[in-house]
Amino acid sequence: MFNFNYHMPTKIIMGPDCVKKNSRVLRKFGDFCLIVTGHGSSKINGSLEDAISALEHEDIKYRIFDEVEENPSLETVEKAFMENSVHPVDFIIAIGGGSAMDAAKAVSLLFRNRITARELLSMKNLKGIPILSIPTTAGTGSETTPYSVLTDHQESTKKNIGQVIFSDIAFLDARYTINLPHHITVSTAIDAFTHLAEGYLNRNSSIMSDILAEKGFILFGECISALRNGCITIRDREKLMLASTLAGMEISQTGTSLPHGMGYPLTYFKGVPHGTANGILYEGYLSIFKDRRKIDRMLELAGISGIAELGDTFRELLKCDLVLSEGEITQYTESMLCNDTKLKNHPEHVTRDDIAGIYRSINRK
Ligand SMILES: [Fe+2]
């Protein structure tokens, strides 16, 4: 029996030069825009220039906050708001990877509600000012999710702020990913795969989320050899960007699962990039499933022969030499056992030994 409740309100516009070609759609959002981005790549890959050109074409005034760091903090979000709060900001354009888009979502809430960044964590059902997203990596899917994951230094972790905030529009132009360093293309692509997988192997999965995931597995699988040999065409990049956005649509319904919860301490304490942190957990994660029917289907669609081949492929692509001590495994396992949201999304019963075993699997090279 079909049983689902599907909601994903973001308008998606994809294609080369889609920002400038569709500048007219910016007009209805108002007269003053705040661009939220990082300090580097959007200036190099053409995305910032295109956004400015579109705004100027529509006679929309703008300011730029370009201080979003990797794994953005509550403090950065507050700074973006405080430095621009006297201006009549009607809407936000987020340009960058997940960090810029997640930070921009939180900033949009601050503009509408005039609260501190920390209050975002405790207040419920906040609405923000409109936000348009221009992803420049193919991995996070934040342009089509309601999530904003920020670093909370007080609690030494990354966390979803718990508000539902979708972009009004996502502009997908894969050309912005052409100049990414290869290791970032790989890490973000694997992040997208992990979204597809964790939404698919999820207690909340439905026919709708599975449709999105299954197309995403095919697209990802078609790019594996290009990721391996480094000869990534613009067509591959379009496939990876679409897979990432489909994954965002999927996990906006299901949420992510164990690897995303378990990867946060690897990023926070060990500095492992987000996609890599998830990817190195995957062989161990998939191995704890008792019912492997959906895993088999997923791997078949991606053209991968089994869990061991997936593990080998990810090890080859990610080149991560992280080794965890038993003390670290115990600490991270206990922390994960407090993450009820991720534990609940896993479709089977999970034990302490399962979690520790997944962490321990990182050390098997
Ligand atoms: Fe992710």
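Below, each value reflects all heavy atoms present in this structure, side chains not excepted, and no hydrogens, waters or symmetry copies. These numbers were taken from a predicted model, which means no experiment stands behind them. We count ligands from 1, going down the list as the structure has it; atoms in each ligand are counted the same way.
The distance from the CG atom of Asn45 to the CD1 atom of Ile95 is 8.5 Å, given to the nearest 0.5 Å.
For Tyr62 and Phe32, the gap between ring centers reaches or exceeds 6.0 Å. Taking the six-membered ring for Trp and the full ring otherwise, the centers of Tyr285 and Tyr282 sit less than 6.0 Å from each other. Annotation: Tyr200 is not in aromatic contact with His195 [ring centroid separation under 6.0 Å not met]. Taking the six-membered ring for Trp and the full ring otherwise, Phe314 and Phe193 have centroids separated by under 6.0 Å.
Tally of protein N, O or S atoms closer to the Fe ion (ligand 1) than 2.8 Å: 4.
Taking 4.5 Å as the limit, every side-chain heavy atom of Ile129 sits out of range of all side-chain heavy atoms of Val107.
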